[in-house]
K.L.:
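Provided herewith is a single structure, encoded as structure tokens, for subsequent inquiry.
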Amino acid sequence: MNKLAPELIAELKEKKEPEKGLPPLELNGPLVMRFAPNPNGPPTLGSARGIVVNSEYTKKYKGKLIIRFDDTDPATKRPMLEAYTWYLEDCEWLGAKPEEVVIASDRIDKYYEVAEQLIKKGGAYVCFCGQEVFKSLKDAKKACPHRDEKPQKNIESWKKMIEGNYKEQEAVLRIKTDIAHKDPAIRDWVAFRIIKTPHPRQEVNDKYCVWPLLDFEGAVEDHLLGTTLIIRGKDLIDSEKRQRYVYKYMGWTYPETMHWGRVQIHEFGKLSTSGIKKAIAEGQYTGWDDPRLPTIRAIKRRGILPEALRKFMLDLGLGETDISLSLDTLYAENRKIIDPIANRYFFVWDPVELEVEDAEPKIAKAPLHPTRGGLREIPAGTKVLITKNDADSLKEGERLRLKDLYNIEVISILPLRVKFIGTDMDLVKKEKARIIHWVPLDALKVKVLSADGEFNGFGERGMEKELDKVVQFERFGFVRIDSVSGDEVVAYFTHK
RNA sequence: GGUCCCAUCGUCUAGAGGCCUAGGACAUGGCCCUCUCAAGGCUAAAGCACGGGUUCGAAUCCCGUUGGGACCGCCA
């Protein structure tokens, strides 16, 4: 059979690799998508899903990708100025190239125009009810007294509102839906509220005191930008129902929508942007790129490659099921890319000095990579450093090998004494002696930062040339060389 | 309480009535390879939430139960 139809066998094997990733799209026109974050903190792993999924589709179907900053809340989820840049940087890092960048806070006037039209059409009204009052009316399916006000009167109130004649909480603009709608989430929702806190962007500052809420801003923008497909988290499913009222009043066509379920990551649990912000201010984290954080900046600094993160996100597909995943899969993806290229070095954490009796100074020749070739030379004196873990586990009389150097035998444990017993590999091959790593006395001082804390020790020379690269510390794990100053190296732990 | 959504190995996911004896990836166990406790190769164990229908035939369609989630904010 192999002889008769080798191509059939090849085909069978190919079929074994099923297609994973995003479902195909059925398009009947051009594709325009947007990724719309609130820049109130740096992009996180959650943002990465949005960036990757949207950019993947626009790449695949030659569509247009827009990044839109939904920064219309200067108070509660106050935007962070640096975050605008961070989003653009991280998009680029992830291989997403938005053709257009839109900042909502620059376009408030456009939203006001639509609001005015809606009021004139009788689709929106200024409501002076307090929050609690309106809630109880709404829950009872009852209209508030302002609901039936004439458009003319509403326009007057609206003008007064945007001119700053009311206090915060005093008035809002509501979209008229169906006050008896069976879903309470849909009933006459708020489109604009008064916020007197200035916007952090200098260009905007205190120019406006009436700000749209996401449902309104997003609804108008998606129309203005010509969005044809929206993909977002399913927490925004109800949002669509609310926004459709605006589209109906205005005679617009609502984009197609798709949603993904809630994502939780085992390793991070429930960290909110505001919670992290507070913890950073209190010094619990070193910054937004602290290796313990789920931000893209942190992931990047740890040496996860964008290709790995992209594949990880795409493999999740687009289910509406809530998922709870482990970063192990991301690490495995990353390892597949990194293992073939990362050079190997010795790193001894919790170092213990070991004098090897009868040894001659020697230059060890170790492969830079197990298969790719290339050698590194490590000059060893008669004293070396090994990790405390290894030192503690030695037994009297044990024979073992210092990797790529020579064999030793333990003479005694207290005090720890070892002696040179040759260089023959048979010790490993026949006696199955174990192999431990080591580092010469004049090694570089190395600190490794990981999510589980710091590791301090010494690493062999050569790694200082790998700045910003991911290398493997043998018997330790992959690590990204983050900084080198003099004889000191700081590395970020990537994964095992 | 109201509205809506979801349900396949431990974890993600493929599957859109017969190709399913349910496939893959990660994690786990074993063996091989290896001067790293890595990677690689082979292999093992592991799943259609439950109960009813519809059908010649259901993981796939319908109903119910159970379980999970989202929304009901002048947050996004």
Side-chain angles (χ1 to χ4, degrees), chain A residues 15-21 23 36-40 70-73 75-79 127 129-131 134-135 138-139 141 168-174 181-187 189-195 210-215 217-218 232-239 241-242 259 261-264 266 273-274 311-312 315-317 319-333 335-336 338-340 342 344-346 364 366-367 369-371 389 401-407 423 425 427-429 433-437 472-478 495-496:
Chain A
K15 282 233 168 106
K16 278 234 162 182
E17 253 347 271
E19 284 217 12
K20 233 185 144 177
N38 174 9
N40 67 329
D70 285 346
D71 59 344
T72 57
D73 175 11
T76 322
K77 286 201 175 168
R78 191 173 170 77
C127 172
C129 295
Q131 260 176 89
F134 188 86
K135 181 172 165 46
K138 181 194 74 178
D139 288 345
K141 304 184 178 176
E168 287 190 9
Q169 309 285 318
E170 202 178 336
V172 292
L173 186 77
R174 287 188 186 278
H181 196 288
K182 59 177 182 168
D183 182 352
I186 310 305
R187 299 172 197 157
W189 49 276
V190 175
F192 287 86
R193 80 299 211 190
I194 300 167
I195 297 175
V210 170
W211 290 89
L213 279 102
L214 175 77
D215 283 333
E217 177 267 330
R232 57 188 168 195
K234 73 174 187 184
D235 48 320
L236 262 14
I237 280 182
D238 286 345
S239 184
K241 295 184 201 151
R242 287 189 285 263
H259 301 93
R262 210 177 80 122
V263 183
Q264 267 198 18
H266 298 320
T273 300
S274 51
K311 178 150 196 310
F312 176 69
D315 281 354
L316 294 181
E320 282 191 28
T321 322
D322 302 315
I323 54 177
S324 167
L325 32 92
S326 155
L327 251 25
D328 283 350
T329 317
L330 172 62
Y331 296 158
E333 236 30 277
R335 194 149 41 222
K336 280 180 199 162
I338 268 172
D339 185 71
R344 269 58 172 170
Y345 293 97
F346 289 146
H369 187 275
T371 55
N389 269 354
R401 182 170 177 84
L402 294 176
K403 187 165 186 284
D404 304 308
L405 187 61
Y406 45 59
N407 306 327
T423 58
M425 274 308 290
L427 181 77
V428 169
K429 300 215 157 136
R434 65 180 165 141
I435 298 162
I436 64 171
H437 67 292
Q472 188 192 52
F473 284 170
E474 296 195 44
R475 303 211 303 146
F476 181 76
F478 292 93
H495 47 64
K496 285 294 285 179

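Note: hydrogens, waters and symmetry copies are ignored here, and every other heavy atom, side chains too, is used.
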K.L.:
I'd like to know if the side chain of Arg344(A) reaches the main chain of Ala342(A), judged simply by a donor and an acceptor atom lying under 3.5 Å from each other, with no hydrogens or angles considered.
P.N.:
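Checked: pair present.
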K.L.:
The side chain of Glu474(A) is closest to which nucleotide in this list: C12(B), U36(B), A27(B)?
P.N.:
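Output: U36(B).
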K.L.:
Atom CZ of Phe478(A) and atom C1' of A38(B): how far apart are they, to the nearest Å?
P.N.:
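Atom-to-atom, Phe478(A) to A38(B), this comes out as 6 Å.
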K.L.:
Look at all strands and tell whether Pro370(A) reaches a base, only sugar-phosphate, or nothing, counting heavy atoms closer than 4.0 Å.
P.N.:
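The answer is base, as Pro370(A) lies within the cut-off (heavy atoms under 4.0 Å) of a base atom.
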K.L.:
Does C50(B) have a Watson-Crick or wobble partner in any strand here, with both distances under 3.5 angstrom, and which is it?
P.N.:
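The base-pairing partner of C50(B), which may sit in any strand shown, is G64(B).
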K.L.:
Give Ser324(A) one of three labels, base, sugar-phosphate or nothing, depending on what nucleic acid heavy atoms sit under 4.0 Å from its own.
P.N.:
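Sugar-phosphate, no base atom in range.
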K.L.:
Starting from C1' on C35(B), measure out to CD1 on Ile435(A) and report it in whole angstrom.
P.N.:
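Interatomic distance, CD1 of Ile435(A) to C1' of C35(B): 4 Å.
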K.L.:
Let's test this: given Watson-Crick or G-U wobble pairing with both distances under 3.5 Å, identify the partner of G57(B).
P.N.:
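By the stated definition (distances under 3.5 Å), nothing pairs with G57(B).
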K.L.:
Between atom NZ in Lys429(A) and atom P in C33(B), what is the gap in whole Å?
P.N.:
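From Lys429(A) NZ to C33(B) P: 11 Å.
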K.L.:
Quantified in whole Å, what is the C1' atom distance between nucleotide A76(B) and nucleotide G18(B)?
P.N.:
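About 47 Å, rounded to a whole number of Å.
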K.L.:
Take Glu333(A) and Arg187(A), find for each the nucleotide of RNA chain B with the closest heavy atom, and name the residue whose nucleotide sits nearer the 5' end.
P.N.:
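By nearest-heavy-atom nucleotide position, the 5'-most residue is Arg187(A).
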K.L.:
Distance check, C1' atoms only: G40(B) and G23(B), in whole angstrom units.
P.N.:
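22 Å, rounded to whole Å.
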K.L.:
Any strand counts, and the cut-off is 3.5 Å on both contacts for Watson-Crick or G-U wobble. Which nucleotide pairs with C20(B)?
P.N.:
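The answer is none; no pair meets the criterion.
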K.L.:
Return the value, rounded to whole Å, for the distance between atom CZ of Arg335(A) and atom P of C37(B).
P.N.:
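After rounding, the reported distance stands at 15 Å.
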K.L.:
Can you name the nearest heavy-atom pair linking Ala75(A) to Ile195(A), along with the distance?
P.N.:
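Ala75(A) and Ile195(A) have their closest heavy atoms at CB-CG2, 3.9 Å.
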K.L.:
What is the separation between atom CZ on Phe312(A) and atom P on U13(B), rounded to the nearest whole Å?
P.N.:
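To the nearest whole Å, that distance equals 10 Å.
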K.L.:
Expressed in whole Å, how much space separates the P atoms belonging to C61(B) and C6(B)?
P.N.:
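About 11 Å, rounded to a whole number of Å.
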K.L.:
Please compare Lys403(A) and Lys241(A) by the position of their nearest nucleotide in RNA chain B and report the one closer to 5'.
P.N.:
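In this pair, the answer is Lys241(A).
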K.L.:
If I pick the P atom on C20(B) and the same atom on A59(B), what distance separates them, to the nearest angstrom?
P.N.:
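Between the two P atoms, the distance is 13 Å.
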K.L.:
Can you tell me if Arg193(A) uses its side chain to pair, donor with acceptor, with the backbone of Pro212(A) under 3.5 Å?
P.N.:
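It does hold such a pair.
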K.L.:
Determine, for nucleotides 62-76 of chain B in 5'-to-3' order, which nucleotides have protein heavy atoms under 4.0 Å from the base (write B), from only the sugar-phosphate (write S), or from neither (write -).
P.N.:
-------SSBBSBBB
K.L.:
Nearest whole angstrom, please: distance from the C1' of C35(B) to the CG of Asn407(A).
P.N.:
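Distance check: Asn407(A) CG to C35(B) C1' gives 10 Å.
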K.L.:
Listed by chain and number, what are the side-chain contact (heavy atoms from CB on, under 4.5 Å) partners of Gln131(A), not counting sequence neighbours?
P.N.:
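Only Gln169(A) meet the side-chain contact (heavy atoms from CB on, under 4.5 Å) criterion with Gln131(A).
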K.L.:
Check whether any side-chain N or O of Lys234(A) sits under 3.5 Å from a backbone N or O of His259(A) as a donor-acceptor pair, and report yes or no.
P.N.:
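No; zero donor-acceptor contacts below 3.5 Å.
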K.L.:
Is any side-chain nitrogen or oxygen of Lys182(A) closer than 4.0 Å to OP1 or OP2 of C4(B)?
P.N.:
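Answer is yes, contact under 4.0 Å.
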K.L.:
Please report the distance, rounded to the nearest Å, between NE2 in His259(A) and P in C5(B).
P.N.:
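That distance rounds to 12 Å.
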K.L.:
Using the P atoms only, state how far G73(B) lies from A14(B), rounded to an integer number of Å.
P.N.:
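Each nucleotide's P atom is 34 Å from the other's.
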K.L.:
What does Asp404(A) touch in the nucleic acid at a heavy-atom separation under 4.0 angstrom: a base, only the sugar-phosphate, or nothing?
P.N.:
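The answer is base, as Asp404(A) lies within the cut-off (heavy atoms under 4.0 Å) of a base atom.
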K.L.:
If I pick the P atom on G47(B) and the same atom on C9(B), what distance separates them, to the nearest angstrom?
P.N.:
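Nearest-Å result for C9(B) against G47(B) at atom P: 9 Å.
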K.L.:
Closest approach of Asp238(A) and Asp183(A), non-hydrogen atoms and distance?
P.N.:
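Here Asp238(A) and Asp183(A) meet closest at OD1-OD2, 4.2 Å.
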K.L.:
When you measure from the side chain of Arg475(A), which nucleotide among C26(B), C37(B), C6(B) comes out closest?
P.N.:
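Per side-chain heavy atoms of Arg475(A), the pick is C37(B).
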K.L.:
Nearest-Å distance, CG (Leu330(A)) to P (U13(B))?
P.N.:
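That distance rounds to 15 Å.
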K.L.:
When both hydrogen-bonding distances must be under 3.5 Å and the geometry is Watson-Crick or G-U wobble, what is C74(B) paired with, if anything?
P.N.:
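Pair assignment: C74(B) / none.
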K.L.:
Taking all atoms of both residues into account, what is the closest heavy-atom pair of Ile194(A) and Glu168(A), and its distance?
P.N.:
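Where Ile194(A) meets Glu168(A) most closely, the heavy atoms are O-CG, 3.4 Å.
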K.L.:
Among Leu173(A), Val190(A), Val172(A), whose side chain to side chain contact (heavy atoms under 4.5 Å, CB included) with Cys127(A) holds?
P.N.:
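Passing option: Val172(A).
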K.L.:
In whole Å, measure the gap between the C1' atoms of G69(B) and C19(B) for me.
P.N.:
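35 Å, rounded to whole Å.
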K.L.:
Return the pairing partner of U36(B) with a 3.5 Å limit on both distances, Watson-Crick or G-U wobble; otherwise return none.
P.N.:
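Pairing partner: none.
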K.L.:
Sequence neighbours excluded, which residues qualify as side-chain contact (heavy atoms from CB on, under 4.5 Å) partners of Thr423(A)?
P.N.:
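Applying side-chain contact (heavy atoms from CB on, under 4.5 Å) to Thr423(A) gives Lys362(A), Tyr406(A), Phe420(A).
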K.L.:
Rounding to the closest angstrom, what is the interatomic distance between C12(B) and A27(B) at atom P?
P.N.:
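My reading of the P atoms in C12(B) and A27(B) gives 15 Å.
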K.L.:
Strictly by Watson-Crick or wobble contacts shorter than 3.5 Å, is anything paired with A44(B), and which nucleotide is it?
P.N.:
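Pair assignment: A44(B) / U28(B).
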